[in-house]
Structure formats: structure tokens, C-alpha cells
Asker: 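Below is a structure I'd like to ask you about.
Predicted model, so just to flag it, every value in this text is computed and none were measured.
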Amino acid sequence: MTEPSDIAVMHEVGDRAIAWLHRNQDGFRPRQDETTSDFEVKDRLKPIGELALIGKVLFREGVAGSRQAALTRQLLDTAWRDHLDGGTILTWMQQQEPLSPIPFEIYVPFHELGYEEPAFEATLRSVHTLESWSAMETPPVRRLGISAFERRFGLPRSISTEAATAATWLGRRPEPWTVEMNVGYAITHTVFHLTDWGENPGGLPAELAEYLTQWLPAWVDDWLDIGHWDLLGELLVVDACLPTPTLDPAAWRGFAEAQTEDGAMPAQRGTLPEGRREDVFDALYHPTLVAAFASVLATSRAMGDLRAPAGSGAA
């Protein structure tokens with residue numbers, strides 16, 4: 001059972017991360033000024049989608065304090081209303097690049113949170129009928145993600161979960177000592193898509209859960225020693241998605257100690273980024289979002305452990 005003091009460490013990481021994201025929310029604005037090109041606007045939409053995914057996790061798990069929940073709702077409202085112009089920017093991009101899954105991946109979590117743009121949905125349903133949509137050549141873990149978003153949105157799936165999973169690195173359960181950074185991110189996102197970002201841990205096939213239970217602690221130790229906080233945070237999310245998470249106190253203490261006083265999480269050990277405000281934001285927003293994600297999911301699992309009756313076998 002996780003000690004209350006360890007749960008407090010986990011929770012504080014997320015509380016500080018959300019506060020930093022709220023203070024720096026202008027960084028999510030896709031068009032920074034009149035010199036921002038259309039290409040740059042499209043490139044800057046991805047962080048908004050990641051914000052929506054993490055926001056959905058926070059509201060779903062129900063362990064955030066009132067301040068954290070209020071700041072997250074303000075972040076999402078601003079992102080939808082101002083940064084995405086009520087979804088019209090997603091419609092514009094989908095019309096500009098019909099085969100891009102990015103607008104779809106951004107829209108789904110917003111839609112699940114109650115935001116809607118009928119014009120985008122009509123455009124999406126039209127392009128989804130194209131044979132090219134399912135014929136797109138994408139990395140296996142990306143194809144798995146597209147299939148998961150199709151399922152969540154109620155669209156016919158371009159590939160089954162089983163077929164998509166089998167094509168991923170994790171689906172083949174290769175030699176665990178071959179895991180490097182790119183493989184690590186492929187592993188984490190495979191788990192995210194299979195479990196709907198931690199909502200359905202049972203979506204992780206038993207053989208993959210067993211493989212991860214055996215090898216994930218070693219990977220967590222490795223990336224903790226290396227000081228790559230972004231990947232470590234994602235691995236801590238994977239741990240919280242397992243049938244019996246370890247919620248390793250040492251890993252969480254090391255992760256929490258890496259966070260800056262103002263709540264930002266650096267991507268890796270070393271000097272914090274300096275320079276233009278937008279460049280600093282671009283370097284820090286993702287690991288900080290990951291810190292919030294890991295915090296909410298691990299806190300939820302740990303609180304569930306505390307609430308479980310004695311002898312229930314809950315993790």
C-alpha cells in the first residue's frame with residue numbers, strides 16, 4: 001500500500017504542473033503573431049490536443065483539488081474558444097490536408113469533454129470514407145492510435161485493435177535490453193492507446209501486462225538514472241495502467257525533485273532552456289503535461305488502494 005506521504009508527493013507534482021501550464025497558456029496559441037505561417041499554425045496544434053487529452057484524464061479520475069480542476073477547465077475553455085476558434089481551425093486544417101489525422105486526434109478529446117463543431121464533424125466523416133484514409137502509411141503505434149480514436153468517436157475502424165497491436169514493438173515483446181528512447185516512447189503510446197489513456201487498464205492484453213510487469217521497473221530505473229524526465233513520466237503513467245502498479249516511491253521522489261519551483265518539468269537533467277518565451281514554452285510544455293498526467297493517474301490508483309477493503313487484492 002502506498003503511504004499517504006508518497007501520495008502527497010505524486011499529487012503535488014500535478015498541482016504545480018497545472019499551475020505552470022495555466023500561467024503560460026498563451027504558449028498554446030497556434031498563431032503567435034502576424035508573421036506565423038500557416039505551416040507553423042498547423043505544427044502548433046499538436047500541443048492543444050495533448051492538453052485536451054490530459055484534461056480529460058484529470059476530470060475523469062476525480063482526484064484533482066478544486067483549484068487544479070478550475071485551472072484545467074479555464075485552460076480547456078481558452079484553448080477551444082480562442083486558440084482553436086471554436087473548432088474552425090480544425091475544420092480548416094482537415095480541408096487543407098484531408099488525410100492528416102491530427103485534427104481528428106485533437107477533436108476527439110475535446111468532443112468527449114462536451115465541445116462540438118458540426119462543420120468539422122461533417123468534414124471528417126467525408127474524408128473518412130476515402131480509401132486513402134485507411135491506406136495511409138503510418139508507424140504501427142500511430143495506426144493503433146488512429147484506430148482507437150475511430151472507436152471512441154464511433155467511426156468504422158480502419159484496422160482492428162488486435163492487428164494494429166501485433167504490428168507494434170510492444171506487441172512482439174522483443175528483447176527488453178534493446179529499449180532506447182524512441183522505442184520507449186513507442187511502448188508508452190501503445191499502452192496509452194490500448195487503455196484509453198488509463199481509463200481502461202483491462203484493454204491491455206494479459207501477455208503485454210505480464211511483459212511490462214517484468215521489465216518496466218528496470219526501464220524506470222534506467223531513465224531515472226539518465227535523468228530523462230519526459231520519458232520517465234510516461235513510463236510512470238504506464239506503471240499506473242498495469243493490473244498491479246508499483247507506484248515506486250523512489251522513482252516518484254526523483255521525478256518530483258526534478259520539477260522546478262514554478263512547476264515546470266524539464267525534459268531532461270541539465271540546464272533549463274533559456275531565450276524567447278515561446279521557445280522556453282516549447283521545450284517545457286510536453287514534459288510538464290506528462291507530469292500532470294502521471295500525477296493524476298498515479299494518485300488515483302494510490303487513492304483507490306487506500307479506499308479498497310482489506311483483503312480485496314486491489315493494487
Side-chain angles (χ1 to χ4, degrees), residues 17 20-56 75-111 115 117 119-120 123-124 127-128 132-133 136-146 148-149 181-182 184-186 188-189 192-193 197 228 230-231 233-234 264-268 272-293:
W20 184 90
L21 291 164
H22 187 268
R23 288 194 303 272
N24 293 274
Q25 61 185 298
D26 277 352
F28 287 103
R29 190 179 302 279
R31 195 176 294 279
Q32 295 289 314
D33 54 46
E34 65 277 1
T35 67
T36 307
S37 68
D38 286 354
F39 175 82
E40 290 172 311
V41 169
K42 295 173 185 176
D43 192 50
R44 296 190 66 84
L45 291 178
K46 183 172 177 283
I48 301 175
E50 293 167 334
L51 172 65
L53 284 165
I54 306 312
K56 181 173 184 291
L75 275 166
L76 292 168
D77 285 345
T78 299
W80 179 258
R81 181 187 63 244
D82 298 341
H83 304 341
L84 295 179
D85 194 19
T88 59
I89 286 182
L90 299 180
T91 306
W92 165 75
M93 182 177 176
Q94 195 74 72
Q95 292 171 342
Q96 290 272 315
E97 299 183 24
L99 299 183
S100 172
I102 293 174
F104 174 47
E105 293 166 329
I106 295 171
Y107 186 77
V108 169
F110 273 108
H111 181 265
Y115 303 90
E117 173 47 62
F120 172 77
T123 301
L124 171 67
V127 300
H128 188 265
S132 269
W133 178 271
M136 285 186 300
E137 296 186 9
T138 60
V141 69
R142 185 69 178 279
R143 175 58 67 188
L144 174 65
I146 294 170
F149 281 115
M181 188 170 65
N182 289 331
Y185 282 112
T188 60
H189 281 72
F192 298 166
H193 295 315
W197 299 78
H228 197 293
D230 190 62
L231 182 52
E234 294 203 5
M265 181 65 74
Q268 52 192 338
L272 285 168
E274 297 178 348
R276 298 188 311 162
R277 183 174 180 179
E278 54 265 37
D279 293 334
V280 172
F281 177 86
D282 289 348
L284 293 175
Y285 89 86
H286 188 270
T288 306
L289 274 173
V290 168
F293 183 16

Asker: Would you check if H83 and T78 make a side-chain contact, meaning some heavy-atom pair closer than 4.5 Å?
Answerer: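 In short, these two side chains touch, coming nearer than 4.5 Å.
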Asker: Would you say the side-chain atoms of Q94 pair up with the backbone N or O of S100, donor to acceptor, closer than 3.5 Å?
Answerer: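 Checking the backbone N and O of S100 against the side chain of Q94, a donor-acceptor pair under 3.5 Å is found.
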Asker: With a 4.5 Å heavy-atom cut-off, do W133 and I146 have their side chains touching?
Answerer: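 Yes. Closest side-chain heavy atoms under 4.5 Å.
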Asker: Rounded to the nearest 0.5 Å, what separates atom CG in L90 from atom CD1 in I48?
Answerer: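 So the CG of L90 and the CD1 of I48 are separated by 8.0 Å.
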Asker: Is the backbone N or O of L231 less than 3.5 Å from a side-chain atom of E234, with the two atoms forming a donor-acceptor pair by type?
Answerer: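 No, because the side chain of E234 does not come within donor-acceptor range (under 3.5 Å) of the backbone of L231.
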Asker: Does any part of the side chain of R277, heavy atoms only, come nearer than 4.5 Å to the side chain of N24, both counted from C-beta?
Answerer: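 Side-chain contact under 4.5 Å: yes.
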Asker: Run the salt-bridge test on K46 and E50 with the 4.0 Å N-O cut-off and return the result as yes or no.
Answerer: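 Looking at E50 together with K46, the answer is yes, because their closest N to O distance falls below 4.0 Å.
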Asker: According to salt bridge (charged side-chain N to carboxylate O under 4.0 Å, His left out), does anything in residues 87-100 pair up with another residue at least two apart or in another chain? List the pairs.
Answerer: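 Qualifying pairs: K42-E97.
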Asker: Closer than 4.0 angstrom, basic N to acidic O: yes or no for R29 and E278?
Answerer: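 No salt bridge links R29 with E278.
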Asker: State the CZ-CH2 distance between F281 and W20, to the nearest 0.5 angstrom.
Answerer: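 F281 atom CZ to W20 atom CH2 measures 5.5 Å (nearest 0.5 Å).
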Asker: Using side-chain heavy atoms (C-beta onward) and a distance below 4.5 Å, is L21 in contact with F28?
Answerer: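 Side chain of L21 against side chain of F28, heavy atoms only: contact under 4.5 Å found.
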Asker: Report the residues that fulfil side-chain contact (heavy atoms from CB on, under 4.5 Å) with V280, sequence neighbours left out, ordered by chain and then residue number.
Answerer: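 Testing V280 for side-chain contact (heavy atoms from CB on, under 4.5 Å), a comparison that skips the adjacent residues, returns P273, L284.
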Asker: Sequence neighbours left out, what passes ring-ring contact (aromatic ring centres under 6.0 Å, His included) with H286? Give chain and number order.
Answerer: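 For H286 there are no ring-ring contact (aromatic ring centres under 6.0 Å, His included) partners, ignoring immediate neighbours.
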Asker: State which residues pass salt bridge (charged side-chain N to carboxylate O under 4.0 Å, His left out) with R143; sequence neighbours excluded, sorted by chain then number.
Answerer: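 In terms of salt bridge (charged side-chain N to carboxylate O under 4.0 Å, His left out), with neighbours along the sequence ignored, R143 is linked to no residue.
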Asker: Checking F120 now: which residues fulfil ring-ring contact (aromatic ring centres under 6.0 Å, His included) with it, not counting sequence neighbours?
Answerer: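 By the ring-ring contact (aromatic ring centres under 6.0 Å, His included) rule, F120 matches Y107.
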Asker: For F192, give me all partners under ring-ring contact (aromatic ring centres under 6.0 Å, His included), at least two apart in sequence or on another chain.
Answerer: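 Once residues adjacent in sequence are excluded, the partners of F192 under the ring-ring contact (aromatic ring centres under 6.0 Å, His included) criterion are H189, W197, F293.
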Asker: Using the rule given for side chain to side chain contact (heavy atoms under 4.5 Å, CB included), can you reason through W92 versus I89, listing the C-alpha separation, both sets of side-chain angles and the distance that settles it, and then say yes or no?
Answerer: CA-CA 5 Å; W92 165 75; I89 286 182; 4.2 Å; yes
Asker: Once the angle between the rings of Y115 and W80 is folded into 0 to 90°, is it parallel (under 30°), tilted (30 to 60°) or perpendicular (over 60°)?
Answerer: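 Judged by the thresholds at 30° and 60°, the geometry between Y115 and W80 is tilted.
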